[in-house]
Amino acid sequence: MIAFVSGPVAALAPDIAVVEVGGIGMAVQCTPATLAGLRVGQQARLATSLVVREDSLTLYGFADDDERQTFELLQTASGVGPRLAQAMLAVHSPDALRQAFASADEKALTAVPGIGKKGAQKLLLELKDRLGKPVGSAPAAVGAPVASGWRDQLHAALVGLGYATREADEAVASVAPKAEAVVAEGGTPQVGQLLRAALQTLNRAR
């Protein structure tokens with residue numbers, strides 16, 4: 001198993017970071033919040049989980065070991081594959097997921113694309129005691145701050161989660177005032193927080 005990759009970031013895409021390791025470019029699938037903390041040309045260290053299928057080898061990358069462990073534990077539930085586990089981490093931080101399962105919060109789980117009410121109930125039953133207790137009060141999906149380009153990153157993240165371009169456009173517009181208020185105060189919008197707010201808007205619209 002590849003536990004982590006470390007090296008300069010060679011390229012970034014909406015859901016992939018390419019990290020150069022020993023002269024080889026490793027393509028790593030990452031959440032928007034993780035990607036937001038990376039910069040081309042800068043050193044990065046990503047905890048990783050290798051998913052082996054008959055026709056593919058896919059490396060998933062995470063900001064830390066807690067995210068990777070949560071990603072792997074989520075997949076112990078029936079019906080949860082790596083894509084859905086990654087989508088859950090795109091919407092919620094590991095501790096927010098632990099809190100959701102500890103408090104049987106169906107609403108938090110249905111905020112994830114691909115999880116309906118019945119699916120949330122099933123997951124709560126299967127995973128309640130597997131993720132452990134919350135260790136803090138960290139907000140969900142908090143990524144590294146991004147001073148510019150938040151619109152493009154947020155839009156790409158929504159499309160990557162399966163939403164149509166039109167839906168992504170509307171969701172980005174809905175959270176724009178929040179992001180612009182942060183910029184006006186001299187702050188930097190955080191893609192992870194904006195993603196969660198955008199997903200809540202999309203869920204209300206459906």
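If you're wondering where the values come from, they're calculated on a predicted model, not measured in any experiment.
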Indicate the atoms forming the closest heavy-atom contact of [X] with [Y], along with that distance.
| X | Y | value |
| --- | --- | --- |
| Ala197 | Lys178 | CB-NZ, 4.2 Å |
| Glu126 | Ala77 | OE1-CA, 3.3 Å |
| Val19 | Ser6 | CG1-C, 4.1 Å |
| Val9 | Ala44 | CG2-CB, 3.7 Å |
| Val40 | Ala10 | CG1-O, 3.8 Å |

As an exercise, state the distance from [atom1] of [X] to [atom2] of [Y], rounded to the nearest 0.5 Å.
| X | Y | atom1 | atom2 | value |
| --- | --- | --- | --- | --- |
| Leu131 | Gln99 | CG | CD | 12.0 Å |
| Gln121 | Lys118 | CD | NZ | 8.5 Å |
| Thr76 | Leu127 | OG1 | CG | 5.0 Å |
| Asp64 | Gln69 | CG | CD | 10.5 Å |
| Phe4 | Leu46 | CZ | CG | 11.0 Å |
| Glu67 | Leu97 | CD | CG | 10.0 Å |

- Task: Give the C-alpha distance, both sets of side-chain angles, the deciding distance and a yes or no for side-chain contact (heavy atoms from CB on, under 4.5 Å) between Arg83 and Tyr60.
- Result: CA-CA 10 Å; Arg83 284 291 186 180; Tyr60 289 85; 4.1 Å; yes

State, with a plain yes or no, whether a side-chain heavy atom of [X] is found less than 4.5 Å away from one of [Y].
| X | Y | result |
| --- | --- | --- |
| Leu109 | Met88 | yes |
| Phe62 | Ser49 | yes |
| Val51 | Leu59 | no |
| Ile16 | Val28 | no |
| Phe101 | Leu125 | no |
| Ile2 | Met26 | yes |
| Gln29 | Pro82 | no |
| Thr34 | Thr31 | yes |

Main chain of [Y], side chain of [X]: is a donor-acceptor contact present, judged purely on distance under 3.5 Å?
| X | Y | answer |
| --- | --- | --- |
| His155 | Val172 | no |
| Gln75 | Ala85 | no |
| Thr110 | Glu106 | yes |

- salt bridge (Lys or Arg N to Asp or Glu O under 4.0 Å) assessment of Asp66 paired with Arg98: CA-CA 11 Å; Asp66 188 22; Arg98 285 191 284 266; 3.0 Å; yes

- Test Gln86 against Leu74 for side-chain contact (heavy atoms from CB on, under 4.5 Å), laying out the working first. CA-CA 9 Å; Gln86 189 179 53; Leu74 289 171; over 6 Å; no

- Task: Go through the steps for Leu84 and Ile115 under the test side-chain contact (heavy atoms from CB on, under 4.5 Å), then give the verdict.
- Result: CA-CA 9 Å; Leu84 183 56; Ile115 299 180; 3.8 Å; yes

Is it true that [X] and [Y] make a salt bridge, defined as a side-chain N closer than 4.0 Å to a carboxylate O?
| X | Y | answer |
| --- | --- | --- |
| Arg130 | Glu72 | no |
| Asp65 | Arg68 | yes |
| Arg151 | Asp169 | no |

- Task: Go through the steps to decide whether Val112 and His92 satisfy the test side-chain contact (heavy atoms from CB on, under 4.5 Å), and finish with yes or no.
- Result: CA-CA 9 Å; Val112 179; His92 299 296; 4.1 Å; yes

